2 protein chains.
Amino acid sequence: MKKTILIFAALILALVLLFQLSTYAIISGNLEIEITIAIIAIVFFFIGIMLHKKSLLKQERPSSEIDSKKITDLEISNREYEVLQQIAIGLSNKEIAEKLFVSESTIKTHVSNLLIKLNAKRRTQAVQRAKDFQIL
Amino acid sequence: MKKTILIFAALILALVLLFQLSTYAIISGNLEIEITIAIIAIVFFFIGIMLHKKSLLKQERPSSEIDSKKITDLEISNREYEVLQQIAIGLSNKEIAEKLFVSESTIKTHVSNLLIKLNAKRRTQAVQRAKDFQIL
DNA sequence: AATGGACTCATACTAAAGTACCAATCCCTT
DNA sequence: AAGGGATTGGTACTTTAGTATGAGTCCATT
């Protein structure tokens, strides 16, 4: 909200400045009115583009951001989440075990707990549900 | 490219029209120059926003579009692709078999072929690779 | 008519995945 | 110090997944 106010203040300021400039230019005869109008048009054209770009950035981020709150809500521990990430890239339990320097038994335990917490029957379904929850 | 030319033509036309309007207004004394400038600024401000929005739509679509050419390149058949989609949503072979009204054996055959064609060792990896290829 | 691709299904395996239970540390909080 | 969650690991099993191989049907192209 603060940024919006600042942006609009800047816009009004720019408008006033351009107006002052154009008035002076027209009176002093240094600039033609067509050029003044053209400059104003171009300046606000690009202001429109830039503002829209910034507003979109704020909207796009959440859609691809992981929801860390949801992870804690589901009571998924750090280690379990690490395992979940490895499942998502298609690794087997043995491969995950080697990557995280633990035994395959440990990974199986983590996977079983993940399936319960994500209410999934299989690891493929767990990945799908995790993506629905925006935690992957 | 054609659209870009049309858009710029429309922009120039709008600029000329606004210029004509403002010249007439100022000469006839019906409008103050400040108001004219303000109108031009607002109009081009919104033109900027709208143009940027349209250009973004063209960019976003391809990133979430499935690459049907890639599917044929990988020699993945229609039925195999259907199975791939079901794997991606986390179904087991038996569940896929019931959904597509075929036996589990058939699904296993399709899955095996998919793994070869996608160069994957497991179904989870197949899903991951399919997404890399933009076919899911 | 013959060939080849797509789809189907089966059998018999081997290999992963997943379940159920138990248990030992470690670390943090009460 | 005691309790509890997190992490680790094991054994013993059941269930899915995946491989290998062969074979039949259907359909379009040659």
Side-chain angles (χ1 to χ4, degrees), chain A residues 66-133 135-136, chain B residues 66-133 135-136:
Chain A
I66 57 150
D67 189 349
S68 53
K69 188 183 167 297
K70 190 71 190 177
I71 298 175
T72 49
D73 280 357
L74 292 168
E75 294 182 300
I76 293 174
S77 71
N78 292 334
R79 204 55 164 169
E80 284 164 357
Y81 184 66
E82 285 183 72
V83 173
L84 178 59
Q85 290 176 314
Q86 302 306 315
I87 292 174
I89 63 175
L91 298 188
S92 67
N93 288 338
K94 185 183 279 184
E95 287 169 339
I96 297 171
E98 288 167 1
K99 199 167 179 177
L100 300 184
F101 306 108
V102 292
S103 77
E104 195 184 339
S105 300
T106 306
I107 301 302
K108 283 190 176 185
T109 306
H110 289 321
V111 172
S112 281
N113 290 332
L114 275 170
L115 294 181
I116 294 168
K117 291 174 181 177
L118 286 168
N119 191 29
K121 290 178 188 168
R122 281 162 293 281
R123 48 170 59 211
T124 44
Q125 199 175 25
V127 171
Q128 188 58 23
R129 286 188 63 77
K131 282 179 180 171
D132 287 345
F133 284 141
I135 63 178
L136 265 185
Chain B
I66 59 149
D67 188 349
S68 52
K69 188 185 166 296
K70 190 71 191 175
I71 298 174
T72 49
D73 280 356
L74 291 169
E75 293 183 299
I76 294 174
S77 71
N78 292 335
R79 204 55 163 169
E80 284 164 357
Y81 185 66
E82 285 183 72
V83 172
L84 179 58
Q85 290 175 314
Q86 302 306 313
I87 292 174
I89 64 175
L91 298 188
S92 68
N93 288 338
K94 185 182 278 183
E95 287 170 338
I96 298 171
E98 287 167 1
K99 199 165 179 180
L100 300 184
F101 305 109
V102 292
S103 77
E104 195 184 340
S105 300
T106 305
I107 300 302
K108 284 190 175 186
T109 305
H110 288 321
V111 173
S112 281
N113 290 331
L114 275 170
L115 294 182
I116 293 169
K117 291 174 182 178
L118 286 169
N119 191 29
K121 291 176 187 169
R122 280 164 293 281
R123 47 171 58 213
T124 44
Q125 200 176 24
V127 171
Q128 188 59 23
R129 286 187 63 77
K131 283 180 180 171
D132 287 343
F133 284 141
I135 61 179
L136 267 184

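Predicted model only: the values in this text are computed from it and were never measured. Residue numbering restarts at 1 for every chain, and letters A, B, ... go by the order of the sequence lines.
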Partner of Glu80(A) under side-chain hydrogen bond (donor to acceptor under 3.5 Å, both in side chains), picked from Lys117(A), Gln85(A), His110(A), is Lys117(A)
Rounded to whole Å, CZ of Arg123(B) lies from C1' of dA17(C) at a distance of 11 Å
Where the side chain of Ser103(B) is concerned, which of dA16(C), dC9(C), dG18(D) is the nearest nucleotide? dC9(C)
Residue met sooner reading DNA chain C from 5', once Glu80(B) and Lys121(A) are mapped to nucleotides: Glu80(B)
Out of dT16(D), dT7(D), dC7(C), minimum distance to the side chain of Asn78(B) belongs to dC7(C)
How many whole angstroms separate atom CG of Leu115(A) from atom P of dT16(D)? 13 Å
Hey, does the side chain of Gln125(B) reach the backbone of Lys121(B) with a donor-acceptor pair shorter than 3.5 angstrom? yes
Whole-Å distance separating the NZ atom of Lys108(B) from the P atom of dA15(C): 15 Å
Let me test you: for the helix from dA1(C)-dT30(D) to dT30(C)-dA1(D), what is the angle between the axes at its two ends (five pairs each), rounded to 10 degrees? 40°
With heavy atoms under 4.0 Å as the rule, sort Ser77(A) into base, sugar-phosphate or nothing. sugar-phosphate
CD1 of Ile87(B) versus C1' of dT16(D): gap in Å, rounded? 13 Å
Please check if any side-chain donor atom of Thr106(A) sits under 3.5 Å from a side-chain acceptor atom of Ser103(A), or the reverse. yes
Can a side chain N or O of Ser112(B) be found less than 4.0 Å away from OP1 or OP2 on dT19(D)? yes
Would you indicate, yes or no, if dT16(D) has its OP1 or OP2 atom less than 4.0 angstrom from a side-chain nitrogen or oxygen of Asn93(B)? no
CG of Asn78(A) to OG1 of Thr72(A): how many Å apart, nearest 0.5 Å? 10.5 Å
Identify the two heavy atoms, one from Leu91(A) and one from Arg123(A), that lie closest to each other, and give their separation to 0.1 Å. O-NH1, 2.9 Å
In whole angstroms, how far is the P atom of dA15(C) from the CD atom of Glu104(A)? 13 Å
Report the nucleotide, chosen from dT8(D), dA17(D), dC9(C), that has the shortest atom-to-atom distance to any side-chain atom of Thr109(B). dC9(C)
His110(A) side-chain proximity, nearest of dT7(D), dT8(C), dG18(C): dT7(D)
Nearest 0.5 Å please: distance from the OH atom of Tyr81(B) over to the CD1 atom of Ile71(B). 4.0 Å
Taken to the nearest whole Å, CG/Leu74(A) to C1'/dG5(D) is 17 Å
Residue Ser92(A), side-chain atoms from C-beta onward, closest of dA16(C), dT19(C), dG10(D): dA16(C)
On a heavy-atom basis, which atom in Arg79(A) and which in Val102(A) lie closest, and how many Å separate them? NH2-CG1, 3.7 Å
If the cut-off is 4.0 Å, is Thr106(B) near the phosphate of dC9(C), judged by side-chain N/O to OP1 or OP2? yes
Output the single nucleotide from dT8(C), dT7(D), dG9(D) whose closest atom is nearest the side chain of Arg79(A). dT7(D)
Just how far, in rounded Å, is P of dC9(C) from CD1 of Ile107(B)? 9 Å
Spacing of Ile71(A) atom CD1 relative to dA6(D) atom P, expressed in whole Å: 14 Å
Nearest atoms (heavy-atom pairs only) where Ile107(B) meets Asn93(B): CG2-OD1, 3.7 Å
